Every structure is written in structure tokens, then in C-alpha cells.
Amino acid sequence: MLRIRRIEEAVAQRYHEQEMRCPVHLSIGQEAVAVGVCAALSDDDIVYSGHRSHAHYLAKGGDLTALIAELYGKASGCSGGRGGSMHIVDHKIGFWGATPIVAGTVPIAVGAAWAAKLQNSSRIVTIFFGDGCFEEGVMHESLNFAALHQLPVLFVCENNGYSVYTNLQSRQPHRSISALASAHGVNSISGDGNDVMFVNQQSSDAIKRIHNGEGPQFLEFSTFRWLEHCGPNNDDDLGYRDEGELASWQERCPIELALGQLNASSVALDQEDVEKDINAEIISAFNTAQCADPPVVGDYCEYA
Amino acid sequence: MLRIRRIEEAVAQRYHEQEMRCPVHLSIGQEAVAVGVCAALSDDDIVYSGHRSHAHYLAKGGDLTALIAELYGKASGCSGGRGGSMHIVDHKIGFWGATPIVAGTVPIAVGAAWAAKLQNSSRIVTIFFGDGCFEEGVMHESLNFAALHQLPVLFVCENNGYSVYTNLQSRQPHRSISALASAHGVNSISGDGNDVMFVNQQSSDAIKRIHNGEGPQFLEFSTFRWLEHCGPNNDDDLGYRDEGELASWQERCPIELALGQLNASSVALDQEDVEKDINAEIISAFNTAQCADPPVVGDYCEYA
Amino acid sequence: MPDRILSYAEAIREATFQAMEDNDQVIVIGEGVPDPKNIFGTTIGLQEKFGPDRVFDMPLSENGVTGICIGAAQAGLRPLMVHQRIDFMLLAMDQLVNHAAKWHFLFGKGAEIPLVIRAIIGRGWGQGPQHAQSLQALFAHIPGLRVVMPSSAYDAKGMLIGAINDNNPVIFLEHRWLHQITGNVPSNYYAESLEGAKVIRKGAMVTIAAFSYMLIEAIRAAEWLATQDIEVEIIDMRVVRPLDMDTVLMSIEKTGRLLVLDTAWKTGGISAEIVAGVTEKAMKHLKCAPVRLTLPDLPAPTASSLTETYYPEAEQVAEAVLRLLDIDDNNVIAGAKALARTGNRDVPNADFTGPF
Amino acid sequence: MPDRILSYAEAIREATFQAMEDNDQVIVIGEGVPDPKNIFGTTIGLQEKFGPDRVFDMPLSENGVTGICIGAAQAGLRPLMVHQRIDFMLLAMDQLVNHAAKWHFLFGKGAEIPLVIRAIIGRGWGQGPQHAQSLQALFAHIPGLRVVMPSSAYDAKGMLIGAINDNNPVIFLEHRWLHQITGNVPSNYYAESLEGAKVIRKGAMVTIAAFSYMLIEAIRAAEWLATQDIEVEIIDMRVVRPLDMDTVLMSIEKTGRLLVLDTAWKTGGISAEIVAGVTEKAMKHLKCAPVRLTLPDLPAPTASSLTETYYPEAEQVAEAVLRLLDIDDNNVIAGAKALARTGNRDVPNADFTGPF
Ligand SMILES: Cc1ncc(C[n+]2csc(CCOP(=O)(O)OP(=O)(O)O)c2C)c(N)n1
Ligand SMILES: Cc1ncc(C[n+]2csc(CCOP(=O)(O)OP(=O)(O)O)c2C)c(N)n1
Ligand SMILES: [Mg+2]
Ligand SMILES: [Mg+2]
């Protein structure tokens with residue numbers, strides 16, 4: 001979690017150099033969902049995500065250098081430089097794709113789960129998405145199909161209360177997202193998305209239920225995005241969020257919370273050492289990415 | 001109701017003459033919903049519908065001759081011959097259009113309701129649709145918007161258990177349609193769609209709630225289609241519906257039920273006289289339609 | 001090989017059976033696939049044979065199920081999705097254009113999407129503007145998609161098998177009125193290429209490049225034209241994306257005259273691409289300006305009487321050929337006009353009695 | 001009248017204000033319309049001025065809200081809907097094509113749909129294949145829609161007002177890189193016609209028919225070409241549907257040479273329609289084969305380095321003109337190549353620093 005935080009901070013910090021020439025949607029503040037869920041998955045399980053996917057990719061075990069190279073538009077990027085931050089993939093680790101059409105990957109993930117069922121595979125498929133997805137019809141079509149066919153899919157909604165600058169109340173009526181998923185016939189739970197232990201426990205339980213043949217499961221986690229929707233800055237000064245809202249969420253920083261839990265359970269952890277390792281890894285990844293070759297023009301034609 | 005039944009029967013009976021050269025989706029067996037709801041509406045209120053719309057058009061006061069002329073593809077048809085059975089309209093009576101893309105008119109009706117709210121009109125908008133609509137994403141987008149903006153719209157779902165030859169269980173998981181509408185934040189009621197009094201009572205109550213500012217209302221009525229999905233015949237021999245299902249619904253014929261209720265409340269009604277009048281009206285409508293002029297080729301260009 | 005005559009619909013059905021036998025990753029899904037009408041008879045017996053784990057009806061969720069098929073394809077299945085009307089695919093444009101067409105480009109090896117989408121286009125009795133469109137141009141413009149429109153029973157089978165074997169998303173478009181045509185269809189499992197047009201009739205005077213059902217009208221016209229000693233070359237275009245311009249250009253070098261026939265609207269249709277491509281590459285061979293014969297730029301009307309002027313048929317094809325050749329002999333023109341069908345023109349033939 | 005210089009984005013904003021003042025049935029809805037970024041600044045202050053009952057953010061329901069706007073339009077409102085990217089409109093194709101485009105045709109008087117949809121097309125920094133498409137061809141093919149692509153600040157204002165006053169559904173497409181361009185924009189309320197192209201530079205040697213942002217590159221090329229005594233005629237096409245072929249044909253009569261510039265893919269694009277239309281009607285005037293300069297038939301790549309060969313700019317325009325004129329003087333060709341921008345070509349200018 002700390003590693004993801006530091007990576008995202010490094011992206012933010014170096015974004016102004018204008019060498020990462022693509023929109024970036026950072027996950028700072030929301031790391032616990034990615035980490036808690038992915039820790040409950042097997043290597044064989046599949047993950048899909050949307051525009052805000054760095055944390056999911058990294059938590060699933062995605063290669064850091066390939067991610068940074070992708071942001072730099074290099075041939076060694078995880079999508080060969082054709083995607084940038086908004087389109088990332090790593091088939092080796094079961095990260096089957098993240099793309100930025102809101103809710104676009106939701107049915108695709110359900111389809112991969114359908115295939116798992118038809119192919120008698122024991123893998124499950126996890127799809128990460130935001131609260132905005134509930135406004136897209138295809139989200140509902142996907143829930144309907146998953147429930148109808150009782151597919152091994154774990155729906156994970158990161159409800160951060162905003163879509164870009166628009167708060168949830170301006171987009172959805174006063175009703176619960178997870179209750180709506182339940183009404184579709186998908187078993188649903190909601191709770192604190194900044195408590196990585198809670199997230200992990202709920203995920204493990206949900207995955208057990210999937211393996212028990214209880215069909216698709218839905219988890220709604222409340223969390224908060226600290227930086228601007230897209231880009232490296234803090235934009236709280238724009239006033240689109242309530243005064244104090246950010247501060248109150250920052251007090252409940254998922255990393256601080258987790259460190260507290262670790263201390264309480266007296267797991268020894270030399271944070272300084274960890275930070276050092278992470279920092280070295282990040283510097284190396286950026287250096288490698290910066291020095292890497294750009295994609296060969298024309299090479300990409302074969303893919304269309 | 002009896003009138004609608006006889007009109008639909010006449011369409012079915014004369015369809016084989018191949019002068020009504022368009023697909024027809026007849027409402028025989030489902031008349032009570034159309035009649036019960038429309039009787040609760042004011043002249044000023046608006047109605048939209050889908051592919052199975054004859055009953056809604058007639059119940060709202062649509063001109064019979066113009067409907068039959070439309071089936072015959074005549075210039076005097078309610079849509080000028082450009083639409084046929086699947087695309088009918090009558091602006092004069094507030095029937096603002098029926099078209100056959102499943103769920104296609106649902107958001108359009110919500111938009112008309114939005115306009116009513118923004119224009120401070122007291123009119124309400126009713127949208128008729130089938131159980132199949134719940135599989136279309138746009139249905140959910142429409143419910144979300146209607147609930148968000150608290151629009152004066154009455155959603156009426158005629159749940160006849162089938163979409164073409166496919167039963168509900170093969171298309172939607174085991175959960176209730178009206179409960180799903182409720183989870184969207186739209187107040188919902190479900191019940192017997194063959195009991196015109198019940199339908200009318202629920203509609204009146206729902207309309208009152210809309211006028212009271214309680215926002216959009218949703219009514220789910222169970223009913224049954226007696227004939228084939230599209231066309232003039234009984235196709236029960238195909239075996240796609242459970243044995244006895246049709247018979248059990250026919251025993252609960254909405255017209256017989258209503259006649260029973262009328263008798264019980266000792267309203268005098270000379271059915272023979274009524275039938276005679278209806279028959280004369282139908283014969284005249286068909287004659288007029290058959291003799292009417294076809295649309296002038298080229299005239300329709302102005303509309304595209 | 002002796003002739004083995006099947007209808008286009010039967011050829012599609014046979015292709016589906018054989019592809020499913022050949023590869024157990026092939027699955028079929030579509031609204032009505034296992035129902036008693038079986039998509040105009042093209043899926044009869046499929047579920048009985050391959051079971052409910054490979055042959056599916058679907059919820060009315062065109063966009064969602066398209067996405068679901070994309071995911072299933074990424075996972076190694078080879079889904080064949082079916083739409084009774086192409087009009088319903090408009091609901092799925094996001095998944096088709098933003099996703100299916102982009103996946104392999106974005107994510108490279110391991111992200112091939114072997115998805116086939118069958119859709120029925122074109123005329124039917126009284127279908128009207130929302131149920132009778134011919135929307136091939138919308139897909140023809142999109143890099144990452146393949147789009148085919150077989151016009152013979154032979155190709156219907158071979159190209160459907162070819163499409164199922166292909167690793168790209170393929171849109172397979174069947175004109176409603178082609179389902180009844182018949183032709184020689186070998187019984188073996190064969191895949192036809194998804195590239196390339198076919199010259200199906202040789203002639204030196206005019207090149208007719210025809211898409212889908214318009215090929216049938218072209219053949220009717222050509223047979224009569226031959227009686228007038230007018231020999232046209234007919235190209236069955238077969239594939240909309242990628243277009244085989246080479247075959248057209250080769251023919252134009254010989255004839256110098258081009259007539260393009262499409263089942264869709266004119267403006268912005270694929271017929272424009274053919275004319276543009278020919279002009280760019282072979283203007284010097286053109287003896288006169290090319291002509292497109294298409295639908296007028298108007299929604300499809302429903303009334304039978306209105307369809308008569310809306311849909312061009314063999315006589316309009318013949319008339320266009322005569323104009324391209326500057327033939328103004330009134331007798332000949334009258335002969336072309338006499339090709340007009342008698343009776344209602346909203347049905348392919350008198351056997352067609354609705355209600356669909 | 002003295003010049004009054006506004007940016008294209010400001011012109012759109014002014015048009016919206018004036019149209020809303022002029023007619024209280026005009027409402028505006030779109031994801032981000034009232035937010036701090038205000039659709040690239042085009043809706044700044046709108047909600048403050050006209051209130052939350054006329055200016056709306058929207059749920060992420062592109063198809064649903066399009067249908068809702070159709071219904072609102074049928075009820076007499078005049079909705080202006082805004083998409084930050086045209087790619088999102090693919091979700092709304094059903095309501096646009098099956099419904100908005102057909103309503104008036106189907107239901108006649110009383111069913112006019114005065115709906116305007118603004119959408120941003122084209123390049124941005126690192127937007128990639130799902131956020132930088134130019135999908136005008138998909139709408140250009142559909143009877144019942146009007147499609148406009150203004151290229152000047154003057155037209156941006158006048159045509160948006162014209163679109164809002166029009167009783168048809170109008171798709172109003174703004175290239176992302178046009179927002180910053182400036183030009184003379186009168187302060188009064190004026191509506192420009194939604195039909196007709198404009199000759200914006202006279203010249204006798206080559207006709208350049210340019211759509212949207214490509215007009216800017218055409219002008220850059222033309223200025224340099226003039227220094228070489230090569231005078232091109234530039235037509236700002238302005239409208240995609242209905243296309244104004246007459247203006248193109250008139251120019252071709254004079255120049256005999258045609259270059260079409262579009263921001264979209266080549267195959268099946270509107271550039272094909274221009275070439276086809278010119279060939280059909282004026283082949284005898286063509287001195288050489290027309291040329292289309294467009295995107296290659298590939299999804300948009302993200303990496304900055306890949307965008308350089310993907311997007312044609314002024315030097316490719318100039319080179320194409322030289323080829324049309326058979327000019328192979330190496331000095332001149334080198335001059336054309338020298339038009340190439342230095343620095344990154346994934347931004348319109350150095351002021352553009354992301355992240356959007
Ligand atoms: C179909 C579609 N509509 C609009 C957008 C623009 N957009 C990009 S991200 C985003 C916000 C989505 O909000 P949410 O799902 O809550 O995710 P979050 O950004 O909060 O993580 C929007 C509206 C889009 N990418 N796709
Ligand atoms: C988007 C779309 N998909 C499929 C169809 C084909 N279709 C026409 S009517 C119908 C059945 C719809 O069922 P339901 O909504 O329950 O209405 P019912 O026919 O039972 O009255 C279907 C699938 C269509 N018209 N539109
Ligand atoms: Mg959010
Ligand atoms: Mg039904």
C-alpha cells in the first residue's frame with residue numbers, strides 16, 4: 001500500500017516535466033481497496049479496471065517498470081506505448097485490461113467470468129469501478145447477466161462520492177448503490193474502504209461464497225480521492241467538495257490506519273527500510289522508462 | 001375494454017388478407033392495464049408506448065379509423081402511412097408516440113416529464129412497457145434520472161412473463177421487477193393486471209402521489225398475452241409456454257372479470273347493444289381505411 | 001463434385017453446426033437463437049445438439065452482451081452473437097467500436113477478440129425505419145473491425161466458418177431477402193477468406209460492383225441486358241472491410257464504366273468509398289462518371305406503396321447501365337422498365353406473407 | 001464593424017448565453033457543464049446566470065439522457081446537450097439514430113426534435129484510441145440528422161445559434177484544437193445557416209476542401225504555397241450533412257484539382273463522399289485524380305512519438321498540393337517539409353500542458 005502511494009506520488013511529482021504525456025487518474029487515498037481485494041485473489045484470478053487503475057495493476061502484481069514506461073509512451077510499456085495511463089494491461093499476472101470508458105470494462109469482466117464458468121475453470125474475475133458506473137445502463141445489464149448465469153465475478157465499487165467534480169447526490173437519487181445491486185439479485189455488502197483489513201476480510205468472504213457456488217458478489221467500499229480527478233495536483237481549492245471533507249478523510253488515511261493495525265498486532269516493520277527499498281525501485285523504474293526506446297512507428301499497424 | 005378486444009380481434013381476423021402489410025403485436029388478454037391506467041389520466045396527460053401499443057392508443061382516446069388506416073399504410077393513417085402498427089402517434093390526444101425498439105421510448109417519456117416539470121405544467125407522462133425492458137440499460141438510466149429529478153412520470157410495466165418466446169426466468173434472475181424499481185428510488189407497487197378496477201385504483205393513487213410531489217411512480221402489473229408475440233394467431237401449440245398457462249389466464253379474462261364486477265355493482269349494461277355499436281364502428285373504420293388513398297410518394301421527403 | 005443445393009439460411013445453419021463441432025470453444029448467443037423461430041430458421045436444432053451450455057438465448061441487453069462476448073473471447077471462447085435486426089446493434093456501438101475494435105491494438109498479443117456478430121439487414125414487410133436499416137457503412141469506417149456481406153449460399157457457409165476462425169471481431173451481415181436464395185453448398189467444412197471480391201459474371205462493357213442482396217438484382221438485370229447484347233461484369237463485393245479495390249480496378253481497366261449497388265443510403269455509404277477509390281487509382285480508365293444506385297437519403301417508410309420507389313430493383317439497375325452506355329433507344333429502355341416486378345414489392349416473393 | 005476578437009471557445013459560450021436569453025425554452029445539459037472546468041471553458045458562468053433549472057450536470061447515462069432530451073424537445077424545450085468527447089456518443093447511437101433521426105419522419109408535424117448535441121472530437125495529449133476519435137462519418141450517413149463542424153470563431157457562434165434555432169436534431173462537432181483559435185466575432189445575436197460551405201481563400205490551381213481543424217493546417221500550407229506562387233482555393237466545408245457539393249463543384253470547374261482534408265479515418269469517411277460526389281458530377285473537369293489526406297486506418301495511438309506520423313499537418317498538405325501539381329523540384333519539396341512543427345506534435349502549441 002505504501003509502495004503504491006509512493007509510486008503515485010512520484011508520478012504526480014514528475015508529471016510537470018511533461019514526459020508522461022497522457023492523462024493520469026491517481027489513486028492516492030484509495031489504496032486500501034486495491035490492496036485489500038487483490039490480496040484475497042489467487043494468481044490465476046483475473047482483474048479488470050477502468051480509468052483509475054494504477055493501484056489495481058500494482059496490487060495484482062503488475063510490473064512497475066512496464067507501468068512507468070507506458071506512462072512515458074515507450075515500446076517497453078505494458079501496452080507497448082499505444083495505451084498510456086488510461087489503457088493498461090498485463091496478461092502474465094491476470095490483469096486483463098483497464099480502459100477509460102466509464103463502465104466499459106464491466107461487461108467484459110462479466111464475459112471473462114462467463115468463460116471461466118463455461119470452461120470449468122476455478123478462476124474468478126474481479127472488476128473494479130467507481131460510483132459513476134451505476135449511472136451507465138451497461139452496469140445494470142452486466143449485473144443482470146451475472147446474476148442470471150450465477151457467474152464467478154466479484155464486483156468492487158470504489159465509492160469516492162464524486163465523478164470528476166460532480167458529487168453523488170447530483171447524479172444519483174438518495175438510495176444505496178449496494179442495495180441496488182442486491183435488488184438485481186447479486187449478494188452485496190458495503191463498508192469502509194479505507195480499512196484494508198476490513199476490505200480484505202470482506203473480499204475473502206465474498207470469494208469463498210463465489211467458490212461455494214453462491215454466484216456473483218458485490219462489494220461497495222467508501223473511500224476518498226485526495227488529488228484532482230485527473231492530473232497531479234490537489235484541487236480542493238476549487239471548492240467543489242465540502243470544506244473539511246478532504247481533511248476528515250485524510251485523517252483516516254488508509255496507510256496510517258494499516259500501520260496502526262500492524263503496530264497493534266505488534267508486527268515488526270522498519271518503515272524507514274521499506275521506504276528506502278521502495279524509493280530505489282521507483283527511481284530505477286523511472287530511469288529505465290525514460291531511457292527506453294519509443295515504439296517503432298508502423299509496428300503497431302499489425303494490431304488493427 | 002370490450003371495444004379494444006373486438007378491434008384487435010378484427011385485425012387478427014383480417015390480417016391474412018395481406019392488406020395490413022406490417023408486423024402487428026396484439027394486446028388481447030392485456031386490455032385491463034391499458035384501460036385501467038388511461039381511465040385515470042387527464043386529457044392533458046401524455047402517453048408513450050412500445051411495439052404492443054394499439055390498446056394504449058385506443059384507451060387514451062386515439063382515433064380508430066386513423067389506426068386502421070395506418071395498418072393499411074394509408075395517407076390518412078395516424079402516422080401518415082410511414083409507420084404501420086409499430087409506430088403510432090396521435091398528438092391531439094396526448095399519445096406522443098409508440099415505437100418498437102425495446103425500451104426506446106422510456107427515456108423519451110421521462111424527457112417529456114422533465115419538460116413538464118421545467119415548464120411548470122401539471123401534466124404527467126405515462127410510459128407503457130413490457131418486462132423485457134428491465135434488461136435494457138436505458139431503462140435503468142431512465143429510472144435513475146426520473147428519481148434524481150423527481151419527475152412526474154408514471155412507469156407502467158405490463159409483465160406478461162415473456163419476451164417473444166423466451167420466458168422471464170431465462171432472461172432475468174429470480175428477483176422482483178418492482179423491487180428493483182424501488183431500489184432505484186422510485187416508489188413501486190405490483191399486482192394483478194387483469195383486474196381493471198385494481199389497475200385503475202392503483203393508477204389513480206399513484207397519480208395522486210405524483211401530484212403531491214412524491215416523485216415518479218412505478219406500477220408492475222401481471223398479465224398475459226393470448227396470441228402469438230407478433231401476428232394474428234394463437235401459437236400455444238409451439239410449446240414455449242407451460243401447458244395450462246394460457247388456459248389459466250384465459251379463465252381470468254380481464255373483460256369477463258370486469259363484466260362480473262359491473263354486474264356485482266349492478267350497473268346495467270346491455271352487452272348486445274354495445275357489441276353492435278362496436279361492430280358497426282369497426283366495420284366502418286376498416287372500410288374507410290381500405291378505401292383511403294395511399295401516401296403520395298415523395299411527400300414524405302419533407303420529414304427527413 | 002455434384003451440386004448440393006441449400007438455401008442461404010441452411011448454409012448458415014450448417015456452418016454453425018460444423019464450426020461448433022470443429023472447435024468446442026465456439027458458443028452461440030442471441031435473442032431467439034433457441035426459440036421456435038430460430039432466427040429465421042438459421043439455428044434450428046442447435047441447442048438440442050450442443051446443449052444449453054453452448055447455445056444461449058439472451059437478455060435484451062445488446063451493449064452488455066456484446067461486452068460479455070468480448071470478455072468471453074478474450075478468455076479463449078469464440079462467441080457467435082446474433083441479432084435479428086441490425087438496428088439493435090446501435091445499442092452496442094460502444095462495446096463494438098470503443099472496445100472490440102480497439103482491444104487487440106491496445107493490448108497486443110493475448111488480447112485478440114475472436115468474436116463474430118451476425119446481424120440481419122434490410123427490407124421486410126412493413127418493418128419501417130427502425131427495423132429495416134442497412135448500417136454497414138457505420139462499421140466499414142472502423143479500424144479493427146472486419147465486415148462481410150456474403151451474397152451466395154456458398155459464401156454464407158464458407159465465410160461464416162472463416163469468420164469464426166478469424167481472430168478479429170467480424171460483423172457478418174445477412175440481408176433478410178437472401179435467406180431464401182439457394183445455391184451449391186459443399187457438405188464439407190470449408191472456410192472462405194474474409195478478404196477479396198469475386199467476379200461472378202464476365203463482361204466488357206460496364207462493371208457492376210454489388211453488395212449483398214443487390215447482387216441478386218444485378219444478376220436479374222444482367223440476364224436481360226445480355227439479351228440486348230449488353231455484357232456487364234458483375235463483382236460480388238462480399239467484404240466491406242477491408243474492401244478489395246484491386247478486383248474492381250482490374251475490371252474498370254477493361255470496362256471503363258462503374259455502377260455501384262448498395263442496400264444502404266447513398267450519402268456517406270460504402271458506395272462512396274468504391275467510387276472514391278476507383279477515381280483516385282484509375283481515373284484515366286474511366287470513360288464516364290461512375291454511378292451509385294442505392295436507397296434515397298430517407299428513413300425506410302412502412303407503407304407498401306411507399307417502398308416501391310424506395311428500393312431500387314433490377315429495372316433500375318438495367319436503366320442505370322443503359323445510361324452509363326448512353327443508350328437511349330426507347331424500345332430498349334422500355335425493355336428495362338419491363339423488368340419491374342408485378343405485385344407487391346415489399347416482399348421478396350409471393351410466398352412471403354408476414355407477419356415478420 | 002470593428003474587429004472584436006474572441007476565441008472559438010468564447011464564441012461558443014457567447015452563443016449559448018445569447019440563445020438562452022433569446023428563448024427561455026433553451027436548456028443545457030452535459031457532464032461537467034456547471035463544473036469548475038466548464039467544458040473547456042465554454043460554459044463558464046452559465047448556471048450562475050440561468051440557474052439550476054436551465055443548466056444541468058448529468059448522470060453518466062449517455063443513451064438515457066439523449067432520449068430524455070428527445071422527449072424534452074418533443075415537449076417544446078430546446079435542449080443543448082454536451083459531450084466532452086465524441087467517443088461517449090457511441091453509447092447514445094440508438095437514441096440518436098433510431099429515435100432522434102426518425103421522429104419527425106415517423107410522426108410528422110408536432111414531432112420535430114429541436115435538439116443540439118455538442119461533442120468534442122480529435123486530438124489531445126495522450127488521449128488514445130477511446131478519447132480522441134473523429135466520428136463525423138457515422139452521423140453523416142444518417143438521414144434525419146444535421147451535422148456541422150464549424151472551423152472559425154465566427155461560425156462557432158453563428159452556427160451554434162443556428163443549430164439551436166433549427167427544428168432538426170443537429171450534431172455540432174468541435175475539434176479540441178479549435179477551441180483556442182481566435183477570430184472576429186460580432187457581439188450581436190446572429191444565426192448562421194446550417195447549409196453551405198464557404199470559400200475562404202481564392203486560388204486557381206488546386207481546390208482544398210477542408211473539414212474542421214484541418215482548415216487551420218490548410219491555411220498554414222496555403223500561406224507558404226503562396227510564397228511559391230502556388231495559389232490554392234480553400235473551402236471551409238462547415239457542414240457535413242447536408243454536404244454542399246455545389247461550392248466544391250464550382251471550384252473544381254476552375255482548378256480541376258481536388259484535395260480533401262478530414263480529421264477522421266480515410267476508409268468510409270466523409271472525404272470519400274466528397275471525392276465520389278465530385279467524380280459523379282464533374283469528372284470532365286478533373287485534371288488529375290483527387291487526393292484525400294486523412295488519418296491512417298488505425299486507432300489513435302497514445303505515445304507522443306506515435307502521434308507524429310498519425311496526424312497529417314501543414315507540411316503533408318503542402319506536399320499533397322505539390323504532388324497534385326506534379327511539382328518535383330527538390331527545393332520546393334524541402335520547403336514544404338520545413339513547414340513541419342518542431343517540438344511535440346501531440347499538443348496544439350506549447351501552452352498546452354495537460355493533463356486533459
Ligand atoms: C462513458 C463515459 N462518460 C464519461 C466519461 C468521462 N469520465 C471519465 S472518468 C469519469 C468519472 C467517473 O466517476 P467514477 O466512476 O465515480 O470514478 P472515479 O473517477 O471517482 O474513480 C468521467 C465522467 C467517460 N470516460 N466515459
Ligand atoms: C432493442 C431491441 N431488442 C430486441 C427487439 C426485438 N423484440 C421486439 S418485441 C420484443 C419482446 C419484448 O418483450 P416485452 O418487453 O416483455 O414486451 P411484450 O412483447 O411481452 O409485450 C423483442 C425482444 C427489439 N425490438 N428491440
Ligand atoms: Mg467516483
Ligand atoms: Mg413481456
Side-chain angles (χ1 to χ4, degrees), chain A residues 46 48 70 77-84 86-92 95-121 123 125 127 136-149 151 153 299-304, chain C residues 24-27 29 50-79 81 91-113 115 142-146 167-169 241-242:
Chain A
I46 304 302
Y48 285 92
E70 189 58 37
C78 59
S79 307
R82 296 184 298 280
M86 298 198 299
H87 312 85
I88 67 180
V89 76
D90 189 343
H91 288 106
K92 291 185 301 300
F95 191 87
W96 278 13
T99 58
I101 297 291
V102 169
T105 45
V106 176
I108 297 178
V110 170
W114 190 37
K117 182 179 177 192
L118 296 177
Q119 294 166 331
N120 290 316
S121 153
R123 66 158 62 125
V125 180
I127 169 72
E136 290 289 357
V138 78
M139 178 81 225
H140 299 277
E141 296 180 356
S142 301
L143 287 166
N144 183 69
F145 194 93
L148 177 68
H149 287 281
L151 301 182
V153 57
D299 242 24
Y300 63 89
C301 304
E302 69 181 287
Y303 293 112
Chain C
D24 64 9
Q25 298 301 305
V26 178
I27 58 171
I29 184 166
F50 296 101
D53 284 345
R54 292 185 65 197
V55 181
F56 304 85
D57 210 311
M58 69 174 236
L60 303 179
S61 308
E62 287 79 6
N63 202 35
V65 176
T66 303
I68 286 162
C69 287
I70 292 171
Q74 190 176 5
L77 292 177
R78 306 188 81 82
M81 186 175 178
L91 283 152
M93 290 300 278
D94 167 54
Q95 284 297 329
L96 281 167
V97 176
N98 281 332
H99 298 85
K102 312 288 197 272
W103 224 246
H104 189 214
F105 170 80
L106 275 169
F107 298 141
K109 215 166 132 4
E112 296 85 3
I113 305 298
L115 164 63
I142 309 299
L145 297 182
R146 286 173 175 276
N167 276 341
N168 299 288
R241 185 178 186 95

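Chain letters run A, B, ... following the sequence lines, proteins first, then strands; residues in each count from 1. This one's a predicted model, so the numbers in the text were calculated from it and none came from an experiment.
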- Task: Would you mind checking which part of Glu112(C) comes under 4.5 Å of any heavy atom in chain A, side chain (CB onward), backbone (N, CA, C, O), both or neither?
- Result: neither
- Query: Roughly how far apart are Leu148(A) CG and Phe56(C) CZ, rounded to 0.5 Å?
  - Reply: 10.5 Å
- Query: His91(A) side chain to Gly110(C) main-chain N or O, any donor-acceptor pair under 3.5 Å?
  - Reply: yes
- Task: Tell me, for Ile88(A) versus chain C, whether the close heavy atoms (under 4.5 Å) come from the side chain, the backbone, both or neither.
- Result: backbone
- Task: Using a 4.5 Å cut-off on heavy atoms from C-beta on, say whether the side chain of Asp94(C) contacts that of Val138(A).
- Result: no
- Message: Using every non-hydrogen atom in the two residues, find where Asn144(A) and Pro59(C) come nearest and quote the distance to one decimal.
- Response: ND2-CB, 3.6 Å
- Message: Between Ile142(C) and chain A, with a heavy-atom cut-off of 4.5 Å, which part of the residue counts as in contact: side chain, backbone, both or neither?
- Response: neither
- Task: Please report the shortest heavy-atom distance between Thr105(A) and His99(C), naming the atom on each side.
- Result: N-NE2, 4.5 Å
- Item | Heavy-atom contact with chain C under 4.5 Å, split by part of His149(A) | side chain
- Check step by step if side-chain contact (heavy atoms from CB on, under 4.5 Å) holds for Gln95(C) and Ile108(A). CA-CA 9 Å; Gln95(C) 284 297 329; Ile108(A) 297 178; 3.6 Å; yes
- Message: Taking every non-hydrogen pair under 4.5 Å, which of Asp53(C), Leu60(C), Asn63(C), Leu91(C) racks up the most with chain A?
- Response: Asn63(C)
- Under 4.5 Å from a heavy atom of chain C, the part of Ser79(A) involved: both
Cut-off 3.5 Å, no hydrogens considered: what does the side-chain donor-acceptor table look like for residues 64-74 of chain C, sequence neighbours left out?
residue  : atom : partner   : partner atom : Å
Thr66(C) : OG1  : Glu62(C)  : O            : 2.6
Gln74(C) : OE1  : Tyr48(A)  : OH           : 2.7
Gln74(C) : OE1  : Trp103(C) : NE1          : 3.0
Gln74(C) : NE2  : Trp96(A)  : O            : 2.9

